[in-house]
Amino acid sequence: MQSTRSTALSRALRTAVRSHPHTAKRHTSSVALLSQRFQPQSQHQQHQPQNILSRPAASFTPSLTQQTRHASSSTTPQTDLQKTPLYDLHLSHGGKMVPFGGFHMPVQYSSLGVAQSHLFTRSHASLFDVSHMVQRLILGPGAAAFLERITPSDCKNLETHKSTLSALMTLDGKGGISDDTIITKLAEDKFYAVTNAGCRGKDNNYIDREMAKWNTEMGHEGLKVREEQLDGWGLVAVQGPKAEEILQGVLAEERVDLKKLLFGGSLYAKVKYGGGKVSSPLLISRGGYTGEDGFEISIPPAETVGVTEAFLAAGSEDIQLAGLGARDSLRLEAGMCLYGHDLNDSITPVEAGLSWIIPKERRSENAGYYGADVIAKQLVPRSKGGAGVHRRRIGLLVEGAPAREGAEIVSRSEDGKEAISLGTVTSGCPSPSLGKNIAMGYIKDGFHKAGTEVDILVRGRPRKAVVTKMPFVPTKYWKGTAPA
């Protein structure tokens with residue numbers, strides 16, 4: 001998800017909006033912003049793994065993807081793009097396909113415009129194809145310790161079938177984020193990690209290099225580690241208030257009660273599909289990228305289409321397919337970061353407002369992960385003798401035209417005072433839920449408090465904006481009690 005623009009995608013997005021004139025006026029700026037988010041990346045060589053997610057870690061052997069890597073490129077011709085297992089399903093439902101992360105991906109569907117799809121997710125449920133994301137298994141007796149070298153997470157003490165947002169830390173020791181990731185502990189020697197499609201080549205090289213280094217240093221101590229990529233597997237996200245009801249309706253086992261599965265948890269369950277068929281055990285994780293209650297389901301290649309069709313049939317009028325357009329505005333309303341825009345190699349978790357991903361057990365300078373000494377100092381404010389940070393990620397409500405990525409944040413120029421530069425917008429769009437323009441960005445420390453009035457230079461003109469807390473729209477994660 002790098003920030004290089006794609007003119008082909010920009011044209012595709014504009015065409016998509018023109019096909020829905022009733023939403024075009026309000027959301028033209030939003031679509032223009034979306035065109036900055038997505039770019040083609042070269043594909044990683046695909047193979048067809050067996051149903052391996054539920055197998056013990058000890059049964060794994062190195063795969064083709066461990067032996068040969070293919071670097072990413074931002075200049076991949078569209079003819080070289082890969083297709084997810086759901087490509088034909090997208091076309092049959094009127095999906096408008098654009099290049100993203102090395103794949104043909106739907107930006108929206110003919111049945112709903114981007115704004116309508118967004119609102120439908122908030123009120124009902126939507127199914128997103130996120131099979132372009134990279135699904136990885138980190139395996140072996142050294143898996144937890146290895147992950148604790150490259151991330152700030154406490155993987156040893158993470159409960160089985162619990163997940164955590166984490167970050168691959170840059171190797172230069174400066175505390176930057178090489179990529180963000182969700183890590184799920186499946187067993188003491190088996191972790192499931194999902195990383196970004198646009199960082200595929202960079203992450204592959206990073207993990208290969210670090211794994212080889214680890215095995216050289218620690219292999220003789222019985223702490224070897226290896227990786228298995230689930231290339232060709234499906235990954236779908238069912239998001240929205242109706243998600244639990246829909247998913248519960250297709251489970252093949254009555255003993256599985258999704259009400260007991262809380263946000264950040266996961267389980268294996270079988271799904272009924274295709275006129276009497278029953279799937280293999282699927283990894284179902286409660287969470288997502290929209291701020292709504294929902295689930296992400298990892299599916300073997302041969303079962304992806306059938307299981308997805310079962311979800312759509314079970315939901316009837318309560319579920320619709322949704323594309324990248326709605327996914328981007330939903331995550332922004334939820335205050336979630338997009339790598340390559342709101343996060344990058346030079347931004348630390350503390351600057352990004354992600355200090356909460358670093359547990360107290362890992363907040364010391366000798367915590368053992370790359371950049372720990374820098375992060376430990378940043379965690380202590382300057383007022384208390386620490387280094388603190390000089391910039392912070394913030395939310396903004398913007399008057400007038402929506403603020404685009406790269407727009408400069410400046411002080412309010414009143415009473416003849418000259419405006420000074422304070423920061424930069426990293427994401428922005430009209431909010432379908434709020435009917436207001438929202439944005440995310442980084443601002444100079446001291447100006448980050450909610451209620452601070454600033455200006456944003458939009459097409460060279462100052463637009464009034466107010467720093468606000470995120471999420472912009474309250475999240476509805478299922479934690480055992482209904483959200484207020």
What I'd like to find out is whether the side chain of W233 reaches to under 4.5 Å of the side chain of I299, using heavy atoms alone.
no
Indicate yes or no: at least one non-hydrogen side-chain atom of R391 is less than 4.5 angstrom from one of I347.
yes
Side-chain heavy atoms of L283 within contact of Y268, under 4.5 Å:
yes
Indicate the ring-plane relationship of H90 and Y109, choosing parallel, tilted or perpendicular according to the 30° and 60° boundaries.
tilted
Give a yes or no on this: more than 12 heavy atoms of other residues, nucleotides or ligands lie within 6.0 Å of atom NZ of K162.
yes
Taking side chain as C-beta onward, heavy atoms only, is M133 less than 4.5 Å from N196?
yes
Is the shortest heavy-atom distance from the side chain of S126 to the side chain of Q239 under 4.5 Å?
no
Out of I297, L235, V236, which one pairs with V130 under the side-chain contact (heavy atoms from CB on, under 4.5 Å) rule?
L235
Does a donor on one side chain sit under 3.5 Å from an acceptor on the other, for S427 and D342?
yes
D129 (side chain) donor-acceptor with M105 (main chain) under 3.5 angstrom
no
If we only count heavy atoms from C-beta on, is the V278 to V271 side-chain gap below 4.5 Å?
no
Close side-chain approach of S431 to S329, heavy-atom, < 4.5 Å:
no
Would a distance-only check, ignoring hydrogens and angles, find a side-chain to backbone donor-acceptor pair under 3.5 Å from E227 to I207?
no
Determine whether the side chains of Y192 and Q135 contain a donor N or O and an acceptor N or O closer than 3.5 Å.
yes
Got a donor-acceptor contact below 3.5 angstrom from the S117 side chain to the V114 backbone?
no
Is any side-chain heavy atom of L91 less than 4.5 Å from a side-chain heavy atom of K83?
no
NZ/NE/NH1/NH2 to OD/OE distance under 4.0 Å, R286 and E244:
yes
